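One structure coming up, written as structure tokens, with questions to follow.
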Amino acid sequence: MMKKIYGVRMFLMGAVITLAACSSGQEDMEMPQNPVQPEEMVEYSFTDNATGTKASVNEKVQAVWDAGDKVTMWIGDSKGTTMPYVFETDKGGENGAVFHGMVPKSVNSLCYYAFYPEMTKNTRTGKLTFSIPADGTVRQEEANSSSHLAAYRAMYAPVVTRTVASTSLTGVHFRQLTSLLVFDIMNMRKDIIDVSEVVVMASKPVFYEEAAIEPGTEEVTVEQTGDPVNSVALSLGDTDNGVKLEAQNGRMIAYMPIVPSASLQGVNIKLILKVNGQEMASLVVSAEDLMAARVTSFEREKFYMFYLDVLTSEIYWDANKSIADWENGGVIDIPV
């Protein structure tokens with residue numbers, strides 16, 4: 001794909017001129033002080049050409065960039081000299097997106113790496129942290145909507161080094177730092193129901209609310225921080241009443257972002273739905289079943305499908321179908 005180099009933008013600062021009168025009362029000639037040199041900026045870009053991209057997802061669990069998405073890109077001539085700059089996509093896109101950012105012309109772009117979402121601090125050193133509340137603070141307001149994911153699905157592009165500088169940043173490869181639980185919920189009842197919450201409950205604490213990475217590295221390692229908890233929850237609907245599902249096969253997809261879990265060795269899992277204000281629990285999937293499916297943890301970069309039917313008096317979790325999908329390994333990858 002051909003890359004375009006965009007025009008230079010100039011930012012000028014005025015020079016200060018001092019006027020002085022001589023002792024005879026006559027004016028001296030105006031003597032300009034040395035002006036502050038304008039900082040010259042150029043427009044940089046990188047293009048995401050992948051079919052799978054980032055934080056929002058569609059029903060096929062294909063990630064997409066959204067218009068207005070911003071990333072922070074650290075650029076310099078080495079890892080020790082990089083500085084952060086904000087890049088933004090105007091249009092987003094399901095099959096690729098172009099990001100632009102203004103960078104001083106003096107910058108020598110031989111080394112760069114990136115983080116999503118945009119960092120609010122002018123971070124140069126230290127670890128980058130991200131968090132996802134486990135208590136139901138994360139809310140999906142509408143059925144099948146993934147717009148709530150944008151604030152929680154952190155990504156990192158490992159460091160790229162090259163020998164020739166350019167305003168086109170090539171080789172950027174975003175990696176998901178979070179895991180995604182996807183719930184396919186079907187109403188099998190003969191009446192309309194309201195589903196207001198979905199909870200994943202483990203037999204011991206394996207879920208985290210915060211993690212960190214070390215920036216400027218070729219290999220990305222997610223380090224969970226804080227104390228683990230034994231459940232994660234997603235609230236549904238724009239109010240506590242939840243999302244309505246039509247009678248007999250009314251269906252919705254719900255998306256729960258989570259920090260990658262601890263080991264599931266020896267852990268049993270069950271699901272809880274709040275339906276019409278009442279909690280309904282599913283069967284329990286044993287640790288042996290999880291290990292047989294080679295699901296040793298909920299890993300970063302992967303999504304996990306859960307198929308749930310709301311019956312008259314219980315929640316049926318089609319664990320066989322779910323685990324078969326887990327074994328296939330749903331990976332959301334973002335080469336740029």
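Everything numeric in this text was worked out from a predicted model, so none of it was measured.
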Note to self: Side chains of T225 and E210 only: does a donor on one sit below 3.5 Å from an acceptor on the other?
What the structure shows: yes
Checklist line | For D309, all residues meeting salt bridge (Lys or Arg N to Asp or Glu O under 4.0 Å), sequence neighbours excluded | finding: none
Note to self: So S109 and Y44, do their side chains get closer than 4.5 Å, heavy atoms only?
What the structure shows: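 A side-chain contact exists here, since the closest heavy-atom pair is under 4.5 Å.
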Item checked: Residues D184, R251; criterion side chain to side chain contact (heavy atoms under 4.5 Å, CB included); working and verdict -> CA-CA 7 Å; D184 188 329; R251 177 173 175 248; 2.9 Å; yes
Notebook entry, point to check: If you round to the nearest 0.5 Å, how far is CG of L180 from OH of Y255?
Noted result: 8.0 Å
Notebook entry, point to check: Does the side chain of F87 reach to within under 4.5 Å of the side chain of I75, using non-hydrogen atoms?
Noted result: yes
Checklist line | Any residue meeting salt bridge (Lys or Arg N to Asp or Glu O under 4.0 Å) with D289, in chain and number order, not counting sequence neighbours | finding: none
Notebook entry, point to check: Honestly curious: do V243 and I192 fall in one hydrophobic cluster under the side-chain, below-4.5 Å linking rule?
Noted result: no
Item checked: S168-S166 side chain donor-acceptor pair, cut-off 3.5 Å ->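 There is no such pair between these side chains.
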Margin query: Counting C-beta onward and ignoring hydrogens, is there a side-chain heavy-atom pair between N249 and M188 closer than 4.5 Å?
Written below: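 Side chain of N249 against side chain of M188, heavy atoms only: contact under 4.5 Å found.
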Next item on the list: Report the C-alpha separation of V103 and M73 in whole Å, then their side-chain angles, then the decisive distance to 0.1 Å, and conclude whether the side chain to side chain contact (heavy atoms under 4.5 Å, CB included) test is met.
Entry: CA-CA 10 Å; V103 178; M73 180 75 69; over 6 Å; no
Next item on the list: Run the numbers on F115 and L177 for side chain to side chain contact (heavy atoms under 4.5 Å, CB included), then give the verdict.
Entry: CA-CA 10 Å; F115 186 79; L177 299 176; 3.8 Å; yes
Next item on the list: With the side chain counted from C-beta on, respond yes when P133 and E209 share a heavy-atom pair under 4.5 Å apart, and no when they do not.
Entry: yes
Notebook entry, point to check: How about P228 and V206: do any of their side-chain heavy atoms sit closer than 4.5 Å?
Noted result: no
Check: Can you name the side-chain contact (heavy atoms from CB on, under 4.5 Å) partners of E314, sequence neighbours left out?
Finding: L311
Next item on the list: Could you tell me the separation between the CG atom of L273 and the OG atom of S282, rounded to the nearest 0.5 Å?
Entry: 8.0 Å
Check: Is a side-chain donor or acceptor of S322 paired with a backbone partner of Y307 at a separation under 3.5 angstrom?
Finding: yes
Next item on the list: Please list, chain by chain and in numerical order, all residues satisfying side-chain contact (heavy atoms from CB on, under 4.5 Å) with D90, sequence neighbours excluded.
Entry: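 If we apply the side-chain contact (heavy atoms from CB on, under 4.5 Å) test to D90, skipping adjacent residues, there are no hits.
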Check: From M186 CE over to I253 CD1, what is the distance, rounded to the nearest 0.5 angstrom?
Finding: 8.5 Å
Notebook entry, point to check: With sequence neighbours excluded, what pairs up with D318 under the salt bridge (Lys or Arg N to Asp or Glu O under 4.0 Å) test?
Noted result: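 Residues passing salt bridge (Lys or Arg N to Asp or Glu O under 4.0 Å) with D318: none at all.
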Next item on the list: Rounded to the nearest 0.5 Å, what's the gap from CD1 on I258 to CG on L234? Could you check?
Entry: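 The CG atom of L234 is 11.5 Å from CD1 of I258, to the nearest 0.5 Å.
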Notebook entry, point to check: Under 3.5 Å, side chain of Y116 to main-chain N/O of A150, donor-acceptor pair present?
Noted result: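 Checking the backbone N and O of A150 against the side chain of Y116, a donor-acceptor pair under 3.5 Å is found.
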Next item on the list: Show the numbers, then the answer: is there a side chain to side chain contact (heavy atoms under 4.5 Å, CB included) between I132 and V232?
Entry: CA-CA 10 Å; I132 305 175; V232 287; over 6 Å; no
Item checked: Residue pairs involving residues 181-224 (criterion ring pair (Phe, Tyr, Trp, His ring centres under 6.0 Å); sequence neighbours excluded) ->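 Only F183-F306 qualify under ring pair (Phe, Tyr, Trp, His ring centres under 6.0 Å).
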Next item on the list: First locate atom NZ of K127, then atom CZ of F130, and finally report the distance between them rounded to the nearest 0.5 Å.
Entry: 12.0 Å
Next item on the list: Quick one: pull up CE in M155 and CZ in R300 and give me the separation to the nearest 0.5 Å.
Entry: 12.0 Å
Notebook entry, point to check: Who passes salt bridge (Lys or Arg N to Asp or Glu O under 4.0 Å) against R162, sequence neighbours left out?
Noted result: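 Partners of R162 by the salt bridge (Lys or Arg N to Asp or Glu O under 4.0 Å) criterion come out as none, since no residue qualifies.
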Note to self: Closer than 3.5 angstrom, by distance alone: can the side chain of S179 be matched with the main-chain N or O of E299 as a donor-acceptor pair?
What the structure shows: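 Judged by distance alone, yes, a pair lies under 3.5 Å.
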Item checked: Residue pairs fulfilling salt bridge (Lys or Arg N to Asp or Glu O under 4.0 Å) with at least one residue in residues 130-151, sequence neighbours excluded ->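 Matches after skipping sequence neighbours: R139-D240.
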Item checked: side-chain contact (heavy atoms from CB on, under 4.5 Å) partners of A287, counting only residues at least two apart ->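 Per chain and number, A287 pairs via side-chain contact (heavy atoms from CB on, under 4.5 Å) with N268.
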Margin query: Please give me the minimum heavy-atom distance between T170 and V160, naming the atom from each residue.
Written below: O-CG1, 3.8 Å
Margin query: If you define the side chain from C-beta out and look only at heavy atoms, does anything of I315 sit under 4.5 Å from L271?
Written below: no
Under 3.5 Å, sequence neighbours excluded: what are the donor-acceptor pairs made by side chains of residues 259-266?
from, atom 1, to, atom 2, distance (Å)
S261, OG, F298, N, 2.9
S263, OG, Q265, N, 3.1

Check: Does any pair with a residue in residues 264-285 pass salt bridge (Lys or Arg N to Asp or Glu O under 4.0 Å), and if so which ones, sequence neighbours excluded?
Finding: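 For residues 264-285, and leaving out neighbouring residues, there are no salt bridge (Lys or Arg N to Asp or Glu O under 4.0 Å) pairs at all.
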Check: Quick one: side-chain hydrogen bond (donor to acceptor under 3.5 Å, both in side chains) pairs with a partner in residues 187-203, sequence neighbours left out?
Finding: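 side-chain hydrogen bond (donor to acceptor under 3.5 Å, both in side chains) check on residues 187-203 returns D194-K244.
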